[in-house]
There are 2 protein chains.
Amino acid sequence: MADSSLGNVSVSSTPLERFEEFLQSRGKRMTRPQRLLIDHVFRQHSHFDVDMLLDELPQRSDSDHVGRATVYRTLTKFVEAGLLRAFTLDGRTVYEHDYGYPQHDHLHCTECQRLIEFQSDELIRLRDEVAHKNNFRVSGHRFIISGICHDCVQAKRRTKRKVDLV
Amino acid sequence: MADSSLGNVSVSSTPLERFEEFLQSRGKRMTRPQRLLIDHVFRQHSHFDVDMLLDELPQRSDSDHVGRATVYRTLTKFVEAGLLRAFTLDGRTVYEHDYGYPQHDHLHCTECQRLIEFQSDELIRLRDEVAHKNNFRVSGHRFIISGICHDCVQAKRRTKRKVDLV
DNA sequence: TTCTGTGCAAAGGATTTGCATAGAC
DNA sequence: GTCTATGCAAATCCTTTGCACAGAA
């Protein structure tokens, strides 16, 4: 679903390794469900929410099944560990890779729900400038441009033409 | 709660008048609860959510009391009428004046929850440029800078100093 | 009189929590 | 063994809906 045209950044360790360090530093434990989730989530770069993840994972009958509450709890840990980034879209929490992935913002197509990534140093500069003017200590930001993507505009044109002909 | 340093824009009619036009154009009716809400909401410029509004309005015992569902339904109408703008913050819907108020974005203090407004033409330019590069038809955007406001940084310093002395 | 709006309670959707048990260290 | 993690169901939070009744036009 994501347009991952930003390329990857080389990192010193894998998400799994990084998560293990995170757990150790807090005296927490590595478990089978957590390993399953990390494997699945980092298999490909994409945006996802809890339900999408649950649909893709083994069903309740399977021994590898992970409960919904565990998914929520584990994703929260991943965010704390800096592995994932989370943001809200239409009332649901959306997750995406953070660790080893460059900072970026999104274009959100309100038609097909696709999230297109883009990177802008100028935006960061502008953000910091605004914050400075307001004596504000920045910790982060959220910038989502909404509208209709190229594909959907095309699709609408086609539909419209058909209708016009009838 | 809002820092309304952006000044007002002169408008041809009051929110109430505008809302009446809106209702008429759709064959809908003006009622007492709607009038009460418009009066209250436009008494002062501020950011608010449904619960804050409900707390400020007359209680259930009063004849002027407005039910929770009505508040939700009416605020939705105000947004449709262009009177209010709505956005989501930490899972709850926050409303602010739109009609007669200039376009702007926010700095959000994660400490005191305050929303500070700022206006940037450069941001709009940057947004449109990014959209154009991606063949994207913009309909709007959401930009929230999070961090800690000046007052809260000061407060923290004071607390910290006290602690250090003990 | 005819519909739209209101209030209340119930329903919904997403996420969190309580608790007994499984399992990591 | 001890203490964290899991699964399930129940609970929460915010918002929407169903329905009978009130009240604009």
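Keep in mind it's a predicted model, so treat the numbers as computed, not measured. The figures here come from the full heavy-atom set of this structure, side chains too, leaving out hydrogens, waters and symmetry mates. Throughout, protein chains are lettered first and strands after them, A, B, ... in sequence-line order, and every chain is numbered starting at 1.
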Ring centroid separation Tyr101(B) to His45(B) under 6.0 Å: yes
Quick note, Gln34(A) side chain, CB onward, closest among dA9(C), dA5(D), dT4(C) is dA5(D)
Can you check whether Thr93(A) has a side-chain N or O nearer than 4.0 Å to OP1 or OP2 of dA14(C)? no
May I ask you to decide whether Glu122(A) forms a salt bridge with Arg125(B), counting only side-chain N to carboxylate O separations under 4.0 Å? yes
Take atom CZ of Phe78(A) and atom P of dA5(D), then tell me their distance rounded to the nearest Å. 12 Å
Ile38(A) versus Thr74(A): any side-chain heavy-atom pair under 4.5 Å? no
Could you tell me how far apart Leu57(A) (CG) and dG7(D) (P) are, to the nearest whole angstrom? 11 Å
Measure from CD on Gln24(B) to P on dG5(C) and round the result to the nearest Å. 13 Å
Considering only NZ, NE, NH1 and NH2 on the basic side and carboxylate oxygens on the acidic side, decide whether Asp51(A) and Arg68(A) come within less than 4.0 Å. yes
Without decimals, in angstroms, what is the distance between Lys28(B) NZ and dG5(C) P? 5 Å
Please determine whether a side-chain nitrogen of the Lys or Arg among Arg142(B) and Asp105(B) lies less than 4.0 Å from a carboxylate oxygen of the Asp or Glu. no
Under 3.5 Å between N/O atoms: give me all the protein pairs with nucleotides 21-24 of chain D, atom names plus distance.
unit_1  : atom_1 : unit_2   : atom_2 : d
dG23(D) : N2     : Arg29(B) : NH1    : 2.7
dA24(D) : O3'    : Met30(B) : O      : 3.4
dA24(D) : N3     : Arg29(B) : NH1    : 3.2

Is it true that His104(B) and Phe118(B) have ring centroids separated by less than 6.0 Å? no
Would you say that more than 12 heavy atoms from the other residues, nucleotides or ligands in this model lie under 6.0 Å from the CZ of Arg85(A), or not? yes
Spacing of Phe19(A) atom CZ relative to dT4(D) atom P, expressed in whole Å: 15 Å
Of Asp51(B) and Leu23(A), whose closest DNA chain D nucleotide lies nearer the 5' terminus? Leu23(A)
Side chain of Val50(A) - closest among dG18(D), dT15(C), dG5(C): dT15(C)
Distance, rounded to the nearest Å, where Glu80(B) contributes CD and dG5(C) contributes C1': 14 Å
What is the distance from OH of Tyr95(A) to C1' of dA14(C), rounded to the nearest Å? 11 Å
For dT15(C), take OP1 and OP2 only and decide whether either is under 4.0 Å from a side-chain N or O of Tyr72(A). yes
Closest to the Arg68(B) side chain, choosing from dT15(D), dG5(C), dC8(C): dT15(D)
Roughly how many Å is it from CG in Asp55(A) to C1' in dA14(C), rounded to a whole number? 15 Å
DNA chain C nearest-nucleotide lookup for Arg92(A) and Ala69(B): closer to the 5′ end is Ala69(B)
